[in-house]
Each structure stands twice: as structure tokens, then as C-alpha cells.
Amino acid sequence: MSRRRALLRRIRVWLVVFIVCLALSGLTAFPLVHELHWAEDLLRSSASPVPEHFPALMEWITRVRTGLDEADAKYPFVLYGTDWLAFAHLVIAVAFYGPYRDPVRNIWVVEFGMIACAGIIPLALICGPIRDIPFWWSVIDMSFGVFGVIPLLVVRRMIKRLEALPQTPSPKPLSAATAGRVTPAPGLRRR
């Protein structure tokens, strides 16, 4: 396998992992109410050390679950915002098909993703306190940007290496006019 094909394959593997993680992240925003019930039940189980060792986390999960239950019961349209959040994740994941197909030409999508990851940090730092989000939870939110940018940095670096490699010329297809003709080798004449 040529270096070019091997590098292209590695880029595509990284992109598939990123796309899958982004899509899964989005899909988890649809059943938010049920997920919070499941998480709270799991954390309250007798096997979980969370209530004893991390009471602030347990209180936060219960508060969020209560808020979502009330919104779902009285104002379900509020949760429509999380549906749009999920949809945005899925749409952005689809955009990464461009670099999958042609990484060099579509490197801008990877760079856009890196900018989006960087934007998570000021968003969490500004909107977190406004929305009464505990700082430690904002740190968890910011970690998505930090961990998301790592594969994108790796992919961008590999795309730049791919771009620097010499391209192998692809064979030109025969046109209908020349398909039946045979061109003699140089130095040979037809008689």
C-alpha cells in the first residue's frame, strides 16, 4: 500500500470515530428526560458510591431531573430546544463526510470543527453562571471541546502531510474517437 493510501486510510478512520462520537453525542439529547431518570436510579443504587462520596453531583443530577420532569409535564415545548441541539450535532456530523471523501479539498470542515471546539470554552464560562450551572459541571462541558479538538488536530496534521505528498497521476480515460486507434510506439512508422 502506498504512503498516500495509508495516510488517507488513517485520516478516514479518525474521521469515522469523530463522526460516530458526534452523532452519539447528539442522539443522547433526544431522550434527555428518560436518561436523567436512568442516571439518577443508577447513581442511587446500593452499588454506587456517588451519594456518599460525591453528594454535590447527586444533588445536581436530582435537581436537573426534577427540572426536566417539570418542564416535560408543564412546558414540553422547552425541551424542543434539546431536540434542536441533537439535530445540530447530527448535521455537523454529516458535514464531516466532506473531509472523509476529499480531505485536502475539505480541510476547512476540520478547521471549522476546531473553531467550534474552542468556542465551547467561552460559551461554558459565560453562559454557565448565567444559567446557574455549577462551575465543576461547566468544566465537564469544556472538556468536550478539549477532547473534541484532539482528534481534529491529529486529522488536520495528517491532511497537511497528505497534501504535501506527490500525487500519482490517474490514468486518462480513452475518448470515443481514440478508443479504436492504436498509436504506434515512438520511432515506428505505419506503412
Show your working on side chain to side chain contact (heavy atoms under 4.5 Å, CB included) between Leu42 and Ser48 and close with a plain yes or no. CA-CA 7 Å; Leu42 183 70; Ser48 172; over 6 Å; no
Can you say whether the rings of Tyr80 and Trp84 are parallel (under 30°), tilted (30 to 60°) or perpendicular (over 60°)? perpendicular
Using a strict threshold of under 4.0 Å (side-chain N to carboxylate O), is an ion pair present between Glu40 and Arg44? yes
Closest non-hydrogen atoms of Val109 and Pro99, given as atom of the first, atom of the second and distance, are CB-CG, 3.6 Å
Verify the cluster assignment for Phe135 and Trp137: are they in a single hydrophobic cluster under the rule of side-chain heavy atoms below 4.5 Å apart? no
Could you tell me the separation between the CG atom of Leu8 and the CG atom of Leu165, rounded to the nearest 0.5 Å? 10.5 Å
Could you label the plane-to-plane angle of the Trp136 and Trp60 rings as parallel, tilted or perpendicular, counting under 30° as parallel and over 60° as perpendicular? perpendicular
Between CZ on residue Phe96 and CD1 on residue Ile19, distance to nearest 0.5 Å: 7.5 Å
Between Cys117 and Gly148 the two heavy atoms that sit nearest each other are SG-C, 3.6 Å
dist Arg161:CZ -> Arg4:CZ (nearest 0.5 Å) comes out at 12.5 Å
Working to the nearest 0.5 angstrom, can you tell me the gap between Ile11 CD1 and Leu162 CG? 4.5 Å
If you group Ile, Leu, Val, Met, Phe, Trp and Tyr by side-chain heavy-atom gaps below 4.5 Å, do Val155 and Val13 land in one group? no
I'd like to know if the side chain of Ser2 reaches the main chain of Arg5, judged simply by a donor and an acceptor atom lying under 3.5 Å from each other, with no hydrogens or angles considered. yes
For the side chain of Asp72 and the backbone of Leu68, is there at least one donor-acceptor N/O pair under 3.5 Å apart? no
How close do Arg12 and Arg101 get, heavy atom to heavy atom, and via which atoms? NH2-O, 3.3 Å
Enter the distance from Trp14:CH2 to Ile159:CD1 here, rounded to the nearest 0.5 Å. 12.5 Å
Would Glu59 and Thr62 count as a side chain to side chain contact (heavy atoms under 4.5 Å, CB included) here? Give the steps. CA-CA 5 Å; Glu59 288 172 26; Thr62 300; 5.8 Å; no
Tell me, with the steps shown, if Phe30 and Leu79 meet side chain to side chain contact (heavy atoms under 4.5 Å, CB included). CA-CA 9 Å; Phe30 283 118; Leu79 296 177; over 6 Å; no
In terms of hydrophobic clustering (I, L, V, M, F, W, Y; side-chain heavy atoms under 4.5 Å; direct or indirect links), are Phe112 and Ile120 co-clustered? no
How close do His89 and Leu85 get, counting heavy atoms only, and between which atoms? ND1-O, 2.9 Å
Between Glu35 and Thr28, do the side chains contain an N or O donor and an N or O acceptor separated by less than 3.5 Å? no
Could you tell me which non-hydrogen atom of Pro129 sits nearest to which non-hydrogen atom of Ala124, and how far apart they are? CD-O, 3.8 Å
About how many Å separate CG of Leu123 and OG of Ser138, when rounded to the nearest 0.5 Å? 9.0 Å
Quick check against the 3.5 Å criterion: does Arg156 have a side-chain atom that pairs as donor or acceptor with the backbone of Ile107? no
Quick check against the 3.5 Å criterion: does Arg65 have a side-chain atom that pairs as donor or acceptor with the backbone of His37? no
Honestly curious: do Trp38 and Leu36 fall in one hydrophobic cluster under the side-chain, below-4.5 Å linking rule? no
Within the side chain of Arg157, is there an N or O that forms a donor-acceptor pair under 3.5 Å with the backbone of Leu152? no
When every non-hydrogen atom of Ala29 is compared with those of Ala86, the smallest separation belongs to CB-CB, 3.8 Å
Mind running side chain to side chain contact (heavy atoms under 4.5 Å, CB included) on Val104 and Lys160 for me, showing each step along the way? CA-CA 7 Å; Val104 174; Lys160 287 297 188 181; over 6 Å; no
